[in-house]
Amino acid sequence: MLPDFPKLRMELNRKLQADFKKQTNLRAPLVAEIGVVAQHEGKGGSYETEDGMVKLIEPQHVSVPLESPVVSSPSFGYDDALRMVHEAAEKMAREQTRMLFAKVHEAVEEVGNSLDAQGQPLRAELILEMWERMQFDFDELGKPKMPTLVFNPVQRSNVVEQFRRLKNEPQLRMREEEIMNRKRLDWYDRESRRKLVD
């Protein structure tokens, strides 16, 4: 029988779990930006929308299988364990991202502010039309907190070109400014009506 080293085992376990979390976040950066709230009791939660509707939240369980080989072989080392953790992190990132997009799609369809480009390539005018439908928050200096645009990497050159157009074409700049001024006024109005909680 091999000796057991509980402190070493716990330290290796801690390191592998930390690496799993880090690698998952690197592979799913959009998911990593979402704040986490620990819930220590209860099976769900709720929130109230701006129009007074109470929505229930049911936590979703996400897991990926991690099969360890028979580790009695001395050839299985820390690097092998790390490789397994990285493969599991890739699967977890894919699953979390899939779930995130499914939930966002569901929420956007529910409120009715989706925009179907009907197969058109992304254009600066579509970006402005999309921003027209969105609710924006602003920082203390009145600058908009811009949304994250998720796109296929093969579209990168077109996306860069369309944002260049937004920055350089006067009629597009003027329309963007009008939209943001209107969104800023809406935000000020929302902030002034916000309930303060004790």
Is Met92 linked to Leu100 within one hydrophobic cluster, defined over Ile, Leu, Val, Met, Phe, Trp and Tyr using a side-chain heavy-atom separation of less than 4.5 Å? no
Short question: side chain of Ser192, backbone of Asp189 - any donor-acceptor pair under 3.5 Å? yes
Check the pair Lys143 / Arg184 against side chain to side chain contact (heavy atoms under 4.5 Å, CB included), numbers first and verdict last. CA-CA 8 Å; Lys143 290 182 69 172; Arg184 189 176 294 104; over 6 Å; no
Is there a donor in the side chain of Gln171 and an acceptor in the side chain of Arg175, or the other way round, less than 3.5 Å apart? no
Assigning hydrophobic clusters by single linkage (Ile, Leu, Val, Met, Phe, Trp, Tyr; side-chain heavy-atom cutoff under 4.5 Å), is Phe101 placed with Leu149? no
Checking Arg123 side chain against Gln162 main chain: does a donor-acceptor pair fall under 3.5 Å? no
Indicate yes or no: does Asp186 engage Lys183 in a salt bridge with an N to O separation below 4.0 Å. no
Separation of Glu95 CD from Ser63 OG (nearest 0.5 Å): 8.5 Å
Within a strict 4.5 Å, meaning less than it, do heavy atoms of the Val150 and Leu30 side chains meet? yes
Is there a path of hydrophobic side-chain contacts, each under 4.5 Å between heavy atoms of I/L/V/M/F/W/Y residues, joining Leu166 to Met134? yes
Just so I know, are the side chains of His105 and Glu109 near enough to count as touching, which here means a heavy-atom distance under 4.5 Å? yes
Is it true that Glu125 and Arg165 make a salt bridge, defined as a side-chain N closer than 4.0 Å to a carboxylate O? yes
Taking atom CG of Leu12 and atom CD of Gln17, what is their separation to the nearest 0.5 Å? 11.5 Å
Kindly indicate, with the supporting measurements, whether the criterion side chain to side chain contact (heavy atoms under 4.5 Å, CB included) is fulfilled by Phe151 and Arg156. CA-CA 8 Å; Phe151 58 90; Arg156 181 174 175 72; 4.1 Å; yes
Short N-O contact, Arg173 and Glu169, less than 4.0 angstrom: no
In short, Ala28 meets Ala93 closest at the heavy-atom pair CB-CB, 3.7 Å
Counting C-beta onward and ignoring hydrogens, is there a side-chain heavy-atom pair between Gln23 and Arg27 closer than 4.5 Å? yes
Nearest-0.5 Å distance, NZ of residue Lys22 to OG1 of residue Thr24: 12.0 Å
If we ignore hydrogens and angles and just use 3.5 Å, is the side chain of Glu87 paired with the main-chain N or O of Met84 as donor and acceptor? no
Mutual orientation of the aromatic rings belonging to Phe136 and Trp131 [parallel < 30°, tilted 30-60°, perpendicular > 60°]: perpendicular
Could you walk me through whether Arg94 and Glu90 pass the salt bridge (Lys or Arg N to Asp or Glu O under 4.0 Å) test, one step at a time? CA-CA 6 Å; Arg94 239 184 269 123; Glu90 178 70 37; 3.4 Å; yes
Salt bridge (charged side-chain N to carboxylate O under 4.0 Å, His left out) partners of Lys55, counting only residues at least two apart: Glu110
Could you tell me whether the side chain of Asn152 and the main chain of Gln155 form a donor-acceptor pair under 3.5 Å? no
Counting only N and O atoms by type, is there a donor-acceptor contact under 3.5 Å from the side chain of Asn158 to the main-chain atoms of Leu122? yes
Value for CG (Leu56) from NZ (Lys43), rounded to nearest 0.5 Å, stands at 14.0 Å
Verify the cluster assignment for Val64 and Leu26: are they in a single hydrophobic cluster under the rule of side-chain heavy atoms below 4.5 Å apart? no
Output the distance between atom NZ (Lys15) and atom CE (Met10), rounded to the nearest 0.5 Å. 14.0 Å
Answer yes or no: is there a side-chain heavy-atom contact under 4.5 Å between Glu129 and Leu126? yes
Could you please spell out the steps behind the side chain to side chain contact (heavy atoms under 4.5 Å, CB included) verdict for Arg190 and Asp137? CA-CA 10 Å; Arg190 280 196 321 272; Asp137 286 334; 3.0 Å; yes
Starting from Val85, can I reach Val62 by hopping between I/L/V/M/F/W/Y residues whose side chains sit under 4.5 Å apart? yes
Out of curiosity, Leu185 CG to Phe138 CZ, how far, rounded to the nearest 0.5 Å? 8.5 Å
Side-chain heavy-atom pair Met99, Gln60 within 4.5 angstrom cut-off: yes
